[in-house]
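Remarks on the structure that follows.
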Amino acid sequence: MIIQPRTRGFICLTSHPEGCAENVKKQIEYVKSKGQIVNGPKKVLVIGASTGFGLASRISAAFGSNAATIGVFFEKPGTEGRPGTAGWYNSAAFEEQAKNAGIYAKSINGDAFSDEIKKETIELIKKDLGQVDLVVYSLASPRRTHPKTGVAYASVLKPIGEPFTNKTVDFHTGVVSNISIDPVKEQSDIDNTIAVMGGEDWKFWIEDLKAAGVLADGAKTVAYSYIGPELTYPIYRNGTIGMAKNDLEATVPVINDLLKDLNGVSYVSVNKALVTQSSSAIPVVPLYISLLYKVMKEKNIHEGCVEQMQRLFADRLYGGNLALDTEGRIRVDDWEMREDVQSAVAKLWEEVTSENIEVISDLAGYRKDFFNLFGFEFDSVDYTLESDELTTVASLK
Ligand code: NAD
Ligand code: NA
């Protein structure tokens with residue numbers, strides 16, 4: 001069938017297989033252009049491997065370090081007449097490219113929060129790789145069913161204490177308006193968000209992997225966090241999601257303890273604000289990203305997910321220069337948070353309106369990135385042609 005984008009708010013309901021393959025190919029080309037990562041990872045488990053930072057991590061490991069990768073994700077294949085999800089097509093394209101390059105890649109599609117998928121993953125590691133030396137934890141989800149209690153938690157994106165009023169943009173129309181978001185009414189909203197996006201599941205993974213003996217001596221694990229500017233603090237870092245990120249970061253010493261006798265170590269990497277399926281759901285943030293893109297592109301320091309993850313691996317995790325902050329975190333948001341970048345964004349934030357947004361922000365770049373996530377708007381893809389919505393992920397057949 002011929003697949004066109006169909007959007008509902010910040011969600012795109014369709015994905016384009018050939019376009020997603022193009023997205024993956026471009027990321028692979030970038031990683032290869034940067035050369036091999038010296039002493040990089042060799043056997044890698046990526047949890048949340050199909051889109052965003054997780055996919056970029058998988059590509060950086062495989063094509064920057066010849067690493068065998070097992071990717072875990074939650075995606076849908078296409079059915080006759082209905083396209084699958086972008087992460088499905090990304091993973092199909094990744095596996096095909098890895099196979100062509102002689103690099104091991106297998107995938108597991110299912111709920112990473114469950115004990116079953118952890119068990120299945122461990123069995124696959126035992127059978128094919130023996131052990132892994134890097135575990136990337138890159139899940140972003142609005143809900144989690146707790147594997148021990150069966151309780152289903154839903155996260156919320158809300159401020160805590162006071163209502164938050166600020167500018168926001170509808171990135172489809174460019175209309176800038178004021179949005180007021182009421183704070184959480186109950187502590188349970190905070191607790192639920194922590195249960196979904198905090199560190200407990202990362203810890204469960206490492207506990208299970210360790211108990212099964214599938215973590216190599218010196219194994220590393222990394223999870224991703226965000227801080228951002230003060231103007232988004234009420235909705236992000238000081239909001240419900242920020243409490244979950246605090247919890248994730250507080251899990252680092254707990255996991256370090258678990259890894260001690262294996263000479264292993266865990267890190268949180270604070271990454272840059274980027275257009276992904278998850279970040280487009282957060283109010284106010286898309287307007288900030290549009291302005292940030294404008295400023296960072298003008299200064300020639302703009303990065304996408306793959307540039308971020310390639311730099312994380314090559315310079316920080318395997319480059320001998322972790323450059324940890326005072327809280328012990330890796331900071332690849334360092335260029336985003338530069339004083340000259342932030343003061344330029346803050347000035348534009350005051351000025352931006354529906355009338356000037358296309359000029360003073362990079363809303364066009366935001367939109368293009370958004371559609372690219374689903375395989376649309378690549379010049380090299382002919383969207384008038386029939387697509388194969390039944391593309392398969394080879395290892396999942
Ligand atoms: P994303 O939505 O692109 O990726 C989420 C991944 O998780 C996908 O592979 C998806 O399949 C997988 N997933 C979701 N629920 C799952 C489940 N139940 N079982 C198995 N897989 C599941 O998100 P992203 O933006 O790449 O976020 C990844 C991490 O990076 C998150 O911790 C996020 O907070 C963090 N981060 C994001 C930004 C940003 O601006 N996007 C910035 C800094 C940090
Ligand atoms: Na991801």
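None of the values given here were measured: they were computed from a predicted structure.
For an aromatic pair to be called close, the ring centres must be under 6.0 Å apart, and Tyr89 with His16 fails this.
Distance alone, capped at 3.5 Å, is enough to place a donor-acceptor pair between the Ser15 side chain and the Ala86 backbone. Between the side chain of Gln27 and the backbone N or O of Val24, no donor-acceptor pair lies under 3.5 Å. Of the possible donor and acceptor atoms, none in the side chain of Thr232 sits under 3.5 Å from a partner among the backbone N and O of Gly228. Under a 3.5 Å cut-off, the side chain of Thr149 and the backbone N or O of Val151 do form a donor-acceptor pair. Under a 3.5 Å cut-off, the side chain of Glu307 and the backbone N or O of His302 do not form any donor-acceptor pair. The closest donor-acceptor contact from the side chain of Thr276 to the backbone of Gly52 lies at 3.5 Å or more, if one exists at all.
Side-chain contact annotation: Glu75 with Ser91, donor-acceptor N/O pair under 3.5 Å absent. Side-chain contact, Thr14 with Arg6: no donor N or O sits under 3.5 Å from an acceptor N or O. No donor-acceptor contact under 3.5 angstrom links the side chains of Thr193 and Ser155, judged on distance only. A donor-acceptor contact under 3.5 angstrom links the side chains of Glu18 and Ser387, judged on distance only. Using a 3.5 Å distance cut-off with no hydrogens or angles, the side chains of Ser266 and Asn256 do pair a donor with an acceptor. In this structure, a donor-acceptor pair under 3.5 Å is present between the side chains of Tyr137 and Asp201. Ser60 and Gln310 share no donor-acceptor pair across their side chains, judged by distance under 3.5 Å alone. Defined by atom type and a distance below 3.5 Å, a donor-acceptor pair is missing between the side-chain atoms of Thr392 and Trp88. Between the side chains of Asp217 and Asn263, at least one donor N or O lies within less than 3.5 Å of an accepting N or O.
Every pair tested for salt bridge (charged side-chain N to carboxylate O under 4.0 Å, His left out) that includes a residue from residues 39-53 fails, sequence neighbours excluded, so the list is empty. Contacts classified as salt bridge (charged side-chain N to carboxylate O under 4.0 Å, His left out) and involving residues 226-247 (residues at least two apart or in different chains) are given here: Arg237-Glu249.
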With side-chain contact (heavy atoms from CB on, under 4.5 Å) as the test, would you mind laying out the steps for Asp208 and Val214 before giving the verdict? CA-CA 9 Å; Asp208 288 5; Val214 297; over 6 Å; no
Applying side-chain contact (heavy atoms from CB on, under 4.5 Å), run through Arg329 and Tyr267 and close with a yes or a no. CA-CA 7 Å; Arg329 301 171 295 207; Tyr267 298 104; over 6 Å; no
Between Val268 and Ile330, is the side-chain contact (heavy atoms from CB on, under 4.5 Å) condition met? List the steps. CA-CA 6 Å; Val268 157; Ile330 295 173; over 6 Å; no
Apply the test side-chain contact (heavy atoms from CB on, under 4.5 Å) to residues Leu209 and Ile122: give CA-CA distance (whole Å), side-chain angles for both, the deciding distance (0.1 Å), then the verdict. CA-CA 7 Å; Leu209 292 164; Ile122 285 165; 3.8 Å; yes
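Every residue meeting the ring-ring contact (aromatic ring centres under 6.0 Å, His included) condition with Phe204, not counting sequence neighbours, appears here in chain and number order: His146. Partners of Asp362 under the salt bridge (Lys or Arg N to Asp or Glu O under 4.0 Å) rule, at least two apart in sequence or in another chain, are Lys297. Under the ring-ring contact (aromatic ring centres under 6.0 Å, His included) criterion, Phe171 pairs with Tyr366, Phe370, not counting sequence neighbours. When the salt bridge (Lys or Arg N to Asp or Glu O under 4.0 Å) test is applied to Asp261, the partners found at least two apart in sequence or on another chain are Lys210. For Glu389, the salt bridge (Lys or Arg N to Asp or Glu O under 4.0 Å) test picks out no residue, with sequence neighbours left out. For Lys272, there are no salt bridge (Lys or Arg N to Asp or Glu O under 4.0 Å) partners two or more places apart in sequence or in a different chain. Residues meeting the ring-ring contact (aromatic ring centres under 6.0 Å, His included) test with Phe73, sequence neighbours left out: none. When the ring-ring contact (aromatic ring centres under 6.0 Å, His included) test is applied to Phe378, no partner is found at least two apart in sequence or on another chain. For Asp369, the side-chain hydrogen bond (donor to acceptor under 3.5 Å, both in side chains) criterion is met by Tyr293, not counting sequence neighbours.
Atoms CG and CD, from Leu215 and Gln131 in turn, are 7.5 Å apart once rounded to the nearest 0.5 Å.
Chaining together hydrophobic side chains whose heavy atoms lie under 4.5 Å apart places Met243 alongside Val156, Ile160, Val184, Ile190, Ile194.
Salt bridge Asp315/Arg311: absent, no basic N to carboxylate O contact under 4.0 Å. Between Arg331 and Asp334, none of the side-chain N atoms (NZ, or NE/NH1/NH2) sits under 4.0 Å from a carboxylate O, so this pair counts as no salt bridge. Here Arg367 does not pair with Glu377 in a salt bridge; the nearest charged N to carboxylate O distance is not below 4.0 Å. Salt bridge annotation for Lys25-Glu22: present, with a cationic side-chain nitrogen under 4.0 angstrom from a carboxylate oxygen. Comment: Lys347 engages Glu351 in a salt bridge, judged by a side-chain N to carboxylate O separation of less than 4.0 angstrom. Salt bridge Asp128/Lys106: present, at least one basic N to carboxylate O contact under 4.0 Å. Using a 4.0 Å cut-off between charged side-chain N and carboxylate O, Arg143 and Asp111 make no salt bridge. Under a 4.0 Å N-O distance rule, the pair Asp115/Lys148 qualifies as a salt bridge.
Residues Leu363 and Ile282 fall within the same hydrophobic cluster, defined by Ile, Leu, Val, Met, Phe, Trp and Tyr side chains chained together at heavy-atom separations under 4.5 Å. In the hydrophobic clustering of this structure, Leu324 groups with Leu134; members are Ile, Leu, Val, Met, Phe, Trp, Tyr whose side-chain heavy atoms approach within less than 4.5 Å, directly or through other members. Residues Leu124 and Leu396 do not share a hydrophobic cluster, clusters being chains of Ile/Leu/Val/Met/Phe/Trp/Tyr side chains in contact below 4.5 Å. A continuous path of hydrophobic side-chain contacts links Leu292 to Leu274 [ILVMFWY only; heavy atoms under 4.5 Å]. Note on Val222: it does not cluster hydrophobically with Val254, by side-chain heavy-atom contacts below 4.5 Å among ILVMFWY residues.
Side-chain contact between Gln277 and Leu373 is present, with at least one heavy-atom pair separated by less than 4.5 Å. Within the 4.5 Å cutoff, no side-chain heavy atoms of Leu139 are placed close to those of Phe74.
Heavy-atom neighbours of Asp382 CG from other residues, nucleotides or ligands within 6.0 Å: above the threshold of 12. The 12-atom threshold is exceeded at CD of Gln342, counting heavy atoms of other residues, nucleotides or ligands nearer than 6.0 Å. Within 6.0 Å of NZ on Lys34 lie no more than 12 heavy atoms contributed by other residues, nucleotides or ligands.
A side chain to side chain contact (heavy atoms under 4.5 Å, CB included) with Lys167 is found for one member of Ile179, Val176, Leu231 and no other, namely Val176.
Between Tyr318 and Phe313, the ring-plane angle classifies as tilted under the 30° and 60° cut-offs.
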